[in-house]
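Naming: A, B, ... by sequence-line order, numbering from 1 per chain.
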Amino acid sequence: MADQYYEDRQKKLEALRELGLDPYGSRFDGVTRNTAIRQQAEKLGLDAGQTDESTRVRAAGRIVLRRVMGKLAFLTIRDSTGDLQIGISKAKVGDGWALVKLLDLGDIIGVDGPLGRTKTNEITIWADSLTMLSKCLRTPPSEWHGLQDIDARYRQRYVDLFKNSAVMQAFLSRSRIIDAVRGHMRGLGFIEVETPMLQPMYGGAAARPFTTHHNTLDMDLFLRISPELYLKRLLVGGMERVYEINRNFRNEGISPRHNPEFTMMECYQAYGDLTDMMSVVEGVVSACVEALGGGFKRPFKDLELDFTPPWPRRTYTELLREHAGVELADVEAVRRKAASIGIEGAKMDDAVVANKLFEATVEDHLIQPVFVTEYPAAICPLTRRKPDDPSLAIRFEAFAAGMELGNAYTELNDPAVQRETLSAQVKGEGDETMAVMDEDFLTALEYGMPPAGGLGVGIDRLVMVLTDSPSIRDVILFPLQRKLGVGE
RNA sequence: GGGAGUGUAGCUCAGUCGGUAGAGCAACGGCCUUUUAAGCCGUGGGUCCAGGGUUCGAGCCCCUGCACUCCCA
């Protein structure tokens with residue numbers, strides 16, 4: 001990997017040491033962030049060309065632009081808040097000029113000096129001292145184009161983050177969103193809990209799990225596909241309002257909206273039901289919108305999504321009628337329609353075929369935020385049935401931009417019915433991937449679980465739609481990538 | 001799993017009909033005290049993803065593989 005660029009920078013590193021400077025710096029206290037420094041400069045009301053010698057600031061960041069002209073240099077340094085210009089005069093820094101000549105794009109430096117504006121009105125720290133904080137030995141991507149190679153961006157996210165400011169902003173937004181979700185849930189009286197990711201038995205969703213093994217106990221384990229069955233045990237235990245924000249793992253495909261590990265906010269509210277969960281979704285999203293600013297109408301790809309609550313409610317049945325042209329109850333018609341669009345449903349349960357048809361024909365049309373209600377009961381083994389029509393489950397999924405953002409039930413808490421629906425799954429009815437019987441969960445229900453509403457919100461997708469990020473990989477710092485070098 | 005596309009300098013990208021590799025930025029040397037994609041002069045830099053094939057000759061055509069992107073199941 002020794003190329004001319006690397007060697008040139010290595011030589012400069014040695015030259016720094018010869019000057020008695022540590023190329024990798026040390027503790028650097030009292031740094032003000034770039035945006036705060038800019039705000040400070042605005043308040044001073046400086047005129048172009050004016051410097052306030054009494055206002056001294058300390059900044060630190062990575063050099064992203066450099067303009068050196070003889071005995072005067074300008075650097076642009078970047079931190080997580082933004083960019084700031086540094087002006088360096090040879091006359092002012094004296095011996096420090098030797099360091100200036102050894103600086104490369106990508107180096108991390110600290111700066112002290114008075115705050116001013118240049119003749120062209122750019123806010124500038126006129127450095128009287130520079131501190132080397134870290135030498136960059138690799139050539140960073142060009143400032144103008146940034147790092148475009150999408151594979152490199154994910155594999156070397158650290159470069160993506162410091163080179164592509166929009167990427168930094170998206171992840172800062174993600175952090176604000178998660179803060180807002182926690183704040184909203186706390187405000188509703190929910191407590192945050194953590195339940196096992198390593199589970200001896202998987203359940204709570206329809207998905208293939210990752211498997212692993214515990215050596216000491218010589219026990220196979222699954223990475224959880226859902227925390228649902230554990231959170232419900234907490235309802236049994238008397239925690240009336242619980243939520244968890246954590247990773248789920250599903251051993252399935254990767255796509256612009258799927259990553260094998262993804263973050264879910266899942267909550268349960270004793271004595272509540274589906275309508276409470278609708279309020280939670282609308283409230284959480286509203287809290288996020290408030291935290292991010294920019295209002296309820298937000299761009300996403302070439303769309304404008306309007307998250308203003310309340311969101312419309314549409315039933316599964318009417319949407320299937322509208323977009324697939326069939327009645328959910330008409331099993332033959334559903335199968336005919338499914339077959340006509342290439343769904344191979346011969347070995348599948350009726351409701352599974354219907355759901356494939358729903359996914360294929362309806363979901364793309366669910367652009368504006370909407371709650372889809374009344375799902376076929378056969379694909380909802382953990383959900384209470386509608387009292388007047390047990391073929392339908394008291395469930396909704398929240399959609400936006402054609403994507404499922406959330407999934408909620410009025411929870412099934414009758415242990416006898418629960419045993420029945422799980423048995424049906426195990427027997428191959430409904431969705432085979434849910435075919436696991438968790439006896440301890442049933443025992444818990446037999447102790448009595450309060451009636452409850454439950455909800456899961458996909459945090460990654462929520463961040464996507466709120467930050468106009470078209471791929472889930474744009475909102476996951478280190479999305480799963482194929483290993484390099486296989487077969488070499 | 002199937003289909004389409006992409007892979008060329010550190011980065012972003014050109015590369016015509018198959019004829020011996022190009023630009024901008026970055027780097028190196030020089031000039032330069034108000035630049036902001038600084039400017040000017042000069043220089044260096046390539047496993048054209050990998051392997052095979054066709055051909056006098058392959059970045060370009062063919063085959064296989066690898067990686068990535070998008071679409072479909």
Side-chain angles (χ1 to χ4, degrees), chain A residues 1-12 15 34 38 46-51 63-78 82-94 97 100-107 116-127 136-156 159-160 162-165 252-258 301 338-346 348 353 356-357 359-361 363-364 402 470-474 479-488:
Chain A
M1 206 48 206
D3 54 33
Q4 54 159 323
Y5 308 100
Y6 194 87
E7 284 169 12
D8 285 341
R9 284 166 180 253
Q10 194 77 46
K11 282 178 195 154
K12 289 179 186 174
N34 286 345
R38 297 180 69 92
L46 297 164
D47 294 325
Q50 191 186 352
T51 298
I63 300 171
V64 293
L65 287 170
R66 186 176 42 133
R67 303 170 287 282
V68 183
M69 53 210 85
K71 296 167 186 157
L72 180 70
F74 291 99
L75 306 176
T76 302
I77 63 168
R78 174 170 299 164
D83 293 354
L84 184 66
Q85 177 165 278
I86 310 301
I88 309 160
S89 158
K90 183 177 181 182
K92 192 172 179 187
V93 297
W97 192 252
V100 174
K101 292 205 291 187
L102 293 172
L103 292 176
D104 282 309
L105 292 179
D107 289 353
R117 284 182 183 273
T118 61
K119 286 176 186 170
T120 53
N121 212 32
E122 180 75 21
I123 293 165
T124 300
I125 299 179
W126 287 104
C136 175
L137 292 171
R138 305 264 183 181
T139 314
S142 77
E143 181 59 17
W144 190 242
H145 294 102
L147 182 62
Q148 297 299 324
D149 183 281
I150 200 155
D151 188 39
R153 286 184 45 218
Y154 300 143
R155 290 189 194 276
Q156 297 187 287
V159 177
D160 194 29
F162 74 71
K163 215 61 233 190
N164 299 327
S165 297
E252 295 179 347
I254 296 176
S255 85
R257 51 184 68 175
H258 297 89
K301 301 191 203 177
S340 78
I341 59 168
I343 294 169
E344 189 50 66
M348 297 176 188
V353 175
K356 298 265 183 211
L357 182 62
E359 288 171 0
T361 59
E363 291 190 356
D364 283 350
S471 169
I472 197 166
R473 292 161 166 177
D474 297 330
L480 186 65
Q481 296 285 104
R482 198 182 298 266
K483 208 155 90 179
L484 287 179
V486 176
E488 282 179 9

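Between the CG atom of A/Asn164 and the C1' atom of B/C11 there is a distance of 11 Å, rounded to whole Å. Going from atom CG of A/Asp151 over to atom P of B/A67 covers 10 Å, rounded to whole Å. Between the P atom of B/U33 and the NZ atom of A/Lys90 lies a distance of 10 Å, rounded to the nearest Å. Across the protein-nucleic acid pair, A/Arg482 atom CZ and B/C66 atom P stand 8 Å apart, rounded to whole Å. Straight-line distance from the CG atom of A/Leu84 to the P atom of B/U35: 18 Å, rounded to whole Å.
For B/G10, the OP1/OP2 oxygens have no side-chain nitrogen or oxygen of A/Arg138 closer than 4.0 Å. Put simply, A/Arg67 has no side-chain N or O that comes within less than 4.0 Å of OP1 or OP2 on B/U35.
A gap of 16 Å separates the C1' atoms of B/A23 and B/C48, to the nearest Å. For the P atom pair drawn from B/A50 and B/C72, the interatomic distance equals 33 Å after rounding to whole Å. The separation of B/A67 from B/G24, taken at their C1' atoms, amounts to 27 Å, rounded to a whole angstrom. Separating the C1' atom of B/G42 from that of B/C60 is a span of 34 Å, rounded to the nearest Å. Taking the P atoms as reference points, B/C41 lies 47 Å from B/G53, given to the whole Å. Across B/A4 and B/G65, the matching P atoms stand 14 Å from one another, rounded to whole Å. Comparing the C1' positions of B/U54 and B/C66 gives an interatomic distance of 23 Å, to the nearest angstrom. Nucleotides B/G19 and B/C25, compared at atom P, are 28 Å apart to the nearest Å.
With sequence neighbours left out, A/Asn164 forms a side-chain hydrogen bond (donor to acceptor under 3.5 Å, both in side chains) with A/Asp160. Evaluation of the side-chain hydrogen bond (donor to acceptor under 3.5 Å, both in side chains) rule for A/Thr118 yields A/Thr120 as partners, not counting sequence neighbours.
A/Gln85 pairs in a side-chain hydrogen bond (donor to acceptor under 3.5 Å, both in side chains) with only one of the listed residues (A/Arg117, A/Arg38, A/Glu122, A/Arg67), which is A/Arg67.
Atom NZ of A/Lys356 has 12 or fewer heavy atoms from other residues, nucleotides or ligands within 6.0 Å.
With hydrogens and angles ignored, the 3.5 Å screen pairs a side-chain donor or acceptor of A/Arg66 with a backbone N or O of A/Leu103. Listed for the A/Arg9 side chain is a donor-acceptor partner under 3.5 Å among the backbone atoms of A/Cys136.
For A/Pro256, counting side-chain heavy atoms from C-beta on, the closest listed nucleotide (B/C71, B/C11, B/C68) is B/C71.
The residue A/Trp126 sits close to a base: some heavy atom pair falls under 4.0 Å. Heavy atoms of A/Gly49 sit nowhere under 4.0 angstrom from any nucleic acid atom. Across all strands shown, A/Ala73 has no heavy atoms under 4.0 Å from either base or sugar-phosphate atoms. The residue A/Ser89 sits close to a base: some heavy atom pair falls under 4.0 Å.
Closest of all the heavy-atom pairs between A/Leu72 and A/Trp97 is N-CH2, 3.6 Å.
Rounded to the nearest 0.5 Å, atoms CG (A/Leu65) and CZ (A/Phe74) are 13.0 Å apart.
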Sugar-phosphate or base contact per nucleotide [nucleotides 22-28 of chain B; S, B, -; heavy atom under 4.0 Å]: --BBBSS
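Between A/Arg117 and A/Leu65, the residue whose closest nucleotide on RNA chain B is further toward the 5' end is A/Arg117. Nearest-nucleotide positions on RNA chain B place A/Gly146 closer to the 5' end than the other of A/Gly146 and A/Lys71.
B/C25 is paired with B/G10 under the Watson-Crick or G-U wobble criterion, all donor-acceptor distances under 3.5 Å.
The base of B/U35 lies outside donor-acceptor range of the side chain of A/Glu122, with no N or O pair under 3.5 Å.
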